[in-house]
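In what follows, a structure is listed as structure tokens, so that the remarks can point back to it.
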Amino acid sequence: MKITKANGKAEYAVVENLKKRSAETDPKIVEIVSSIISGVKEGGDEAVREYTSRFDGSVPKKIMIDKEELLEFTKLVEPEFIDSIKKASENIRRFHQRQAQQSWFATEENGVMMGQRIRGLSRVGLYVPGGTAAYPSSVLMNAIPAKIAGVGELIMVTPPSAEGESNPYIMAAAAVAGVDKVFLCGGAQAVAALAYGTQKIPKVDKIVGPGNIFVATAKRLLYGVVDIDMIAGPSEILIVADKSAKPAFLAADLMSQAEHDKMASAILLTTSETIARATVREIERQIKYLERQEIIERSLEDYGEIIVCEDMAQAMRFANELAPEHLELCVEEPLKYIGMADNAGSVFLGNWSPEPLGDYFAGPNHVLPTSGTARFFSPLSVDSFVKKSSFIYYTKEELQKAKDDIVRLAETEGLTAHANSIKVRF
């Protein structure tokens, strides 16, 4: 990795380089995905089968797996895996239960009543990648908050293998997380099927979950037909480290994100040039033992950087400018800086809170804003799966007191029918 000294200009070249990853989707991909969406909208299940055969290699004999059948998959995987995923589920459930909000109702002394009703969405679709990018942890992170929110039915789609089979680890995770039904189909065709509904696949209100560029493009194009969680970009980690940090830990954590994708970014901000150089040496040592060495090397070369900052204040200012998906504070007093970390998807405090702890086990959600969108977006949460309605009740007497103000505001805006709605009552 390249080491750069912060000077108010050099470090911002890093930001510009990262922005290149967020370029507009290739028009050819948009055209392909638009065609698939139209095909599924018109052809329903038959179109889904055709695309599944074309892109995945074969069509499963049984496309739908219900809740009872999902439980059978928990017997097909190692008991140790089930034990680990149940522990993780409990942590995720405990964290997200604290996010749940209640409907509220308020009555004023004058008889006016108002409030807010909160309830879960009726039906949500969860997309789970298959093949080499099969992540059971994503099933937990998406399904558990949906269930806590009170979602009526949770439908999962996931691509079958070339032999038409399902991934047993994903299915076992779905059983533990409380998924109601699984349909073995993937890609843009599965997203379109969830958005419009087919003869077999029910129409949903929202689609969540990660996927490749075709899945992400389908979600983007169908936003408005259904709600979506977010358009996820390449994975990111930003580590802020002082002289107390351990270079072996820093190197390992940087590479833990770089292995996701050649487009992933791993950046270290440190106040110590000694730490910077030692981290480079550790990367060179550790990378020899990692399976995804080629991907890591490409990621670190294209989108990795070590920046030596003058002090922690400068490092934290730049961290907020980058607004990373994952922010690690590998510093002597991490709690001292948590109030300064305004723009980050998830913050990891201290040398013993590495990013994979959040990916798999601790409890906070790992579905996080990327590409600098942590400036205004939040992690997936229970709130992502609810809808809210407000309600108002006024008596005749209270409306009479307010009528002149309402009429004045309506007429100022030129909306005389609005004003008339008030006037006609008196």
Side-chain angles (χ1 to χ4, degrees), residues 37-38 41-42 96-126 142-155 178 180 191-198 201-208 218-231 342-343 365 367 369 373-426:
I37 289 172
S38 297
K41 185 178 180 181
E42 296 172 10
H96 288 84
Q97 279 172 340
R98 292 176 176 172
Q99 297 177 338
Q101 297 183 50
Q102 303 297 318
S103 298
W104 59 270
F105 181 88
T107 305
E108 306 291 340
E109 290 182 4
N110 59 12
V112 169
M113 293 182 282
M114 60 187 70
Q116 183 171 255
R117 184 181 170 218
I118 301 174
R119 64 270 191 211
L121 298 174
S122 297
R123 187 183 288 129
V124 168
L126 165 55
N142 284 276
I144 291 173
K147 284 294 180 180
I148 291 171
V151 169
E153 189 176 23
L154 189 55
I155 307 296
D180 295 294
V191 177
L194 289 171
Y196 291 113
T198 67
I201 301 174
K203 179 180 179 180
V204 302
D205 302 311
K206 183 166 188 167
I207 300 172
V208 300
K219 287 170 69 177
R220 189 194 298 271
L221 293 174
L222 287 164
Y223 177 57
V225 177
V226 289
D227 191 16
I228 61 172
D229 48 358
M230 61 184 77
I231 304 296
D342 294 329
N343 300 334
N365 211 286
V367 181
T373 59
R375 291 180 296 110
F376 45 84
F377 278 146
S378 302
L380 194 76
S381 69
V382 171
D383 266 359
S384 305
F385 298 98
V386 300
K387 54 185 177 182
K388 304 172 184 179
S389 301
S390 57
F391 54 87
I392 304 166
Y393 170 81
Y394 263 52
T395 62
K396 178 182 178 181
E397 292 73 22
E398 287 305 312
L399 183 61
Q400 188 164 20
K401 291 177 186 176
K403 69 178 177 65
D404 292 341
D405 292 315
I406 299 169
V407 168
R408 186 177 298 111
L409 291 170
E411 290 180 342
T412 299
E413 294 186 353
L415 299 176
T416 53
H418 278 63
N420 184 61
S421 173
I422 301 298
K423 288 179 180 178
V424 75
R425 284 169 164 76
F426 300 96

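Basis for what follows: all heavy atoms, side chains included, without hydrogens, waters or symmetry-related copies. Every value quoted in this text rests on a predicted model; they were computed, and no experiment measured them.
Inter-residue side-chain proximity for Lys219 and Asp229 is flagged as met; some heavy-atom pair is nearer than 4.5 Å. Phe385 places a side-chain heavy atom less than 4.5 Å from the side chain of Leu380. Between Leu399 and Arg425 the shortest side-chain heavy-atom distance falls below 4.5 Å. Residues Glu398 and Glu108 form no side-chain contact, since every pair of their non-hydrogen atoms from C-beta on lies 4.5 Å or further apart. No side-chain heavy atom of Gln99 sits less than 4.5 Å from a side-chain heavy atom of Asp383. For the pair Met113/Phe391, no side-chain contact is recorded, criterion being any heavy-atom separation below 4.5 Å from C-beta on.
The two atoms that bring Ala419 and Ala410 nearest to each other are N-CB, 3.8 Å, heavy atoms only. When all heavy atoms are compared, the tightest approach of Asn365 to Pro145 is ND2-CG, 3.7 Å. Of all non-hydrogen atoms in Pro379 and Ser384, the two that sit nearest each other are O-OG, 4.4 Å.
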Can Lys147 and Ile144 be said to form a side chain to side chain contact (heavy atoms under 4.5 Å, CB included), step by step? CA-CA 5 Å; Lys147 284 294 180 180; Ile144 291 173; 5.8 Å; no
Show, in sequence, the C-alpha distance, side-chain angles and deciding distance for Val367 and Met230, and conclude whether the side chain to side chain contact (heavy atoms under 4.5 Å, CB included) test is met. CA-CA 9 Å; Val367 181; Met230 61 184 77; 4.1 Å; yes
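Rounded to the nearest 0.5 angstrom, Leu222 CG and Asp227 CG are separated by 12.0 Å. How far CG of Asp205 is from NZ of Lys203: 8.5 Å, rounded to the nearest 0.5 Å. Atoms CD and CD1, on Glu42 and Ile37 in that order, are 12.0 Å from each other to the nearest 0.5 Å. Separation of atoms CG (Leu154) and CG (Leu121) is listed at 11.0 Å; rounding is to 0.5 Å. Rounding to the nearest 0.5 Å places CD of Gln400 at 9.5 Å from OG1 of Thr395. Between Phe105 atom CZ and Met114 atom CE the span is 10.0 Å, to the nearest 0.5 Å.
Shown are Leu194, Ile207, Val208, Asn142; of these, the side-chain contact (heavy atoms from CB on, under 4.5 Å) with Val124 is made only by Val208.
The pair Asp180-Arg123 fails the salt-bridge criterion, with no side-chain N (NZ, NE, NH1 or NH2) lying under 4.0 Å from an Asp/Glu carboxylate O.
With hydrogens and angles left out, the side-chain atoms of Ser389 and Arg119 include a donor and acceptor closer than 3.5 Å.
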